[in-house]
Asks: 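Quick one: this structure, given as C-alpha cells, is what I'll be asking you about.
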Amino acid sequence: MQWTLVIPLKALTRAKSRLSDTAADGLRPGLALAFAQDTVAAALACAAVRDVAVVTDDVLAGRELAALGARIVPDEPAGGLNAALAHGASLVRSQSPESPLAALNADLPALRPLELARVLDAATEFPRAFLADAAGTGTTLLTASADRELLPTFGLDSRARHRASGAVELPLDAVDSVRQDVDTGDDLRAALALGVGPRTAAAVAALNVA
C-alpha cells in the first residue's frame, strides 16, 4: 500500500515564532523552510509514499518544495492548520479516491524514510490512526484509509483530541524521527541529536544551539 501525504505549511514569515529564543526573526523563515525541505525529501524517499501534497500559499516554499517533487496545493480556506489539511485531503481524494491519506507535520527535520514506512505500515491496520509527538501531547502524523475521512484536529492537546475522535494511537517505539517535531529550541536540539537533514544542518550552522 502506498500513501499520499498531506503536509500543511504556513507562510514562512509567520512560522516558528516559538524559536525566538534560539533564532532571530530574520533567521526563522529560513529554518522553517529547511525543516519543510528535509521533511518532504525524506517523505518522498519513503517506499510507502506515493506522493506528497503540500498545502501552502508561501511562494518561496511552494517553489522550493515543488523542486523536490511535491505537489503544491494553494491554501484556499486560509483558515488555519486543520482547514488547510481538510482542503488538501479533499483535493487529493477528488483525484485519487483509492489512496489512503496521511497528514504529516512540516517540521520533522530528522525524519527517516524507513521509520516513516514503519509507522505507515502499522497504520494500515486501522481506519484512522495517529502517532503522538515526542512531547506526548501533540500529533505528528494522522492517517485515514481510503474509505474514511481524515478529520484532523491538530493543535493544543491534539493527542487527546485525535484519540477522542476515534483514531487509534500507534504505540510504536524506535520511530523517534517521526515524533520529533520542532517548535522550541529544546526541540531543535533533540532533532539535531537524532541527526537532521542537510538543509536544516546548513541553516543551523551559524546558530549556537549546542
Side-chain angles (χ1 to χ4, degrees), residues 3-12 14-19 28-29 31-46 48-49 51-56 58 61 64-65 68 70-73 75 80-89 92 101-113 115-120 123 128-144 150-163 167 169-170 172 175-184 186-188 190-192 194 196-197 199-200 203:
W3 297 75
T4 294
L5 304 191
V6 181
I7 298 179
L9 181 63
K10 66 171 64 173
L12 297 176
R14 295 187 289 106
K16 298 302 158 192
S17 60
R18 291 171 61 192
L19 278 172
R28 289 199 301 275
L31 278 175
L33 176 58
F35 296 164
Q37 288 173 304
D38 285 334
T39 300
V40 167
L44 287 169
C46 176
V49 173
D51 66 342
V52 172
V54 177
V55 184
T56 187
D58 192 285
E64 295 296 325
L65 298 174
L68 294 176
R71 181 189 344 175
I72 306 303
V73 177
D75 185 7
L81 176 62
N82 292 307
L85 282 170
H87 170 63
V92 168
L101 294 176
L104 185 71
N105 287 9
D107 57 352
L108 299 168
L111 186 64
R112 302 284 190 273
E115 291 185 15
L116 177 59
R118 183 166 174 246
V119 175
L120 293 172
R128 291 176 64 243
F130 72 95
L131 187 74
D133 65 7
T137 59
T139 305
T140 57
L141 180 139
L142 172 71
T143 69
L150 192 60
L151 304 179
T153 57
F154 284 83
L156 187 65
D157 295 326
S158 65
R159 180 184 189 181
R161 290 204 307 275
H162 282 135
R163 185 186 293 137
E169 181 169 357
L170 299 171
L172 300 175
V175 291
D176 293 349
S177 77
V178 196
R179 295 186 187 274
Q180 190 58 66
D181 53 354
V182 176
D183 289 316
T184 67
D186 286 342
D187 293 337
L188 180 54
L192 289 170
L194 289 173
V196 296
R199 297 164 187 85
T200 301

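Fair warning: this is a prediction, and the values are worked out from it, not measured in the lab.
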Asks: Looking at Asp107 and Lys16, does any basic side-chain N land under 4.0 Å from a carboxylate oxygen?
Replies: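 Yes, charged N to carboxylate O under 4.0 Å.
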Asks: Side chains of Val54 and Arg71: does their closest heavy-atom pair fall under 4.5 Å?
Replies: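 Not touching, per the 4.5 Å side-chain cut-off.
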Asks: Is the shortest heavy-atom distance from the side chain of Ile72 to the side chain of Leu65 under 4.5 Å?
Replies: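 Yes, side chains in contact.
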Asks: Quick one: does Val6's side chain get under 4.5 Å of Val92's, heavy atoms only?
Replies: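 The answer is yes; the side chains approach within 4.5 Å.
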Asks: Quick one: are His87 and Val73 in side-chain contact, heavy atoms under 4.5 Å?
Replies: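 Contact flag for His87/Val73 side chains = yes.
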Asks: Any idea how His162 and Phe154 line up, ring-wise: parallel (<30°), tilted (30 to 60°), or perpendicular (>60°)?
Replies: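 Because their plane-to-plane angle is over 60°, the rings of His162 and Phe154 count as perpendicular.
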Asks: Is there a side-chain contact between Phe130 and Leu170, using heavy atoms and a 4.5 Å cut-off?
Replies: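 No. Closest side-chain heavy atoms not under 4.5 Å.
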Asks: Applying side chain to side chain donor-acceptor pair (under 3.5 Å), run through Asp38 and Thr200 and close with a yes or a no.
Replies: CA-CA 7 Å; Asp38 285 334; Thr200 301; 2.7 Å; yes
Asks: Side-chain donor-acceptor pair under 3.5 Å between Thr137 and Asp157, yes or no?
Replies: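 Their side chains do not contain a donor-acceptor pair, so the 3.5 Å distance test is not met.
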Asks: Would you say Leu116 and Leu111 make side-chain contact, with heavy atoms under 4.5 Å?
Replies: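 With C-beta onward as the side chain, the pair touches.
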Asks: Which residue is it: Val40, Leu108, Thr56? I am looking for the one with a side-chain contact (heavy atoms from CB on, under 4.5 Å) to Ile7.
Replies: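 Answer after filtering Val40, Leu108, Thr56: Val40.
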Asks: Give the C-alpha distance, both sets of side-chain angles, the deciding distance and a yes or no for side chain to side chain donor-acceptor pair (under 3.5 Å) between Asp133 and Thr140.
Replies: CA-CA 5 Å; Asp133 65 7; Thr140 57; over 6 Å; no
Asks: Find out whether Val182 and Leu31 are in side-chain contact, i.e. whether some heavy atom of one side chain is under 4.5 Å from a heavy atom of the other.
Replies: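 No; the side chains remain at least 4.5 Å from each other.
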Asks: Report the distance from atom CG of Leu188 to atom CZ of Phe35, rounding to the nearest 0.5 Å.
Replies: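 If we round to the nearest 0.5 Å, Leu188:CG and Phe35:CZ are 5.0 Å apart.
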Asks: Hey, are the side chains of Arg199 and Leu68 touching, using non-hydrogen atoms and a 4.5 Å cut-off?
Replies: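 In contact.
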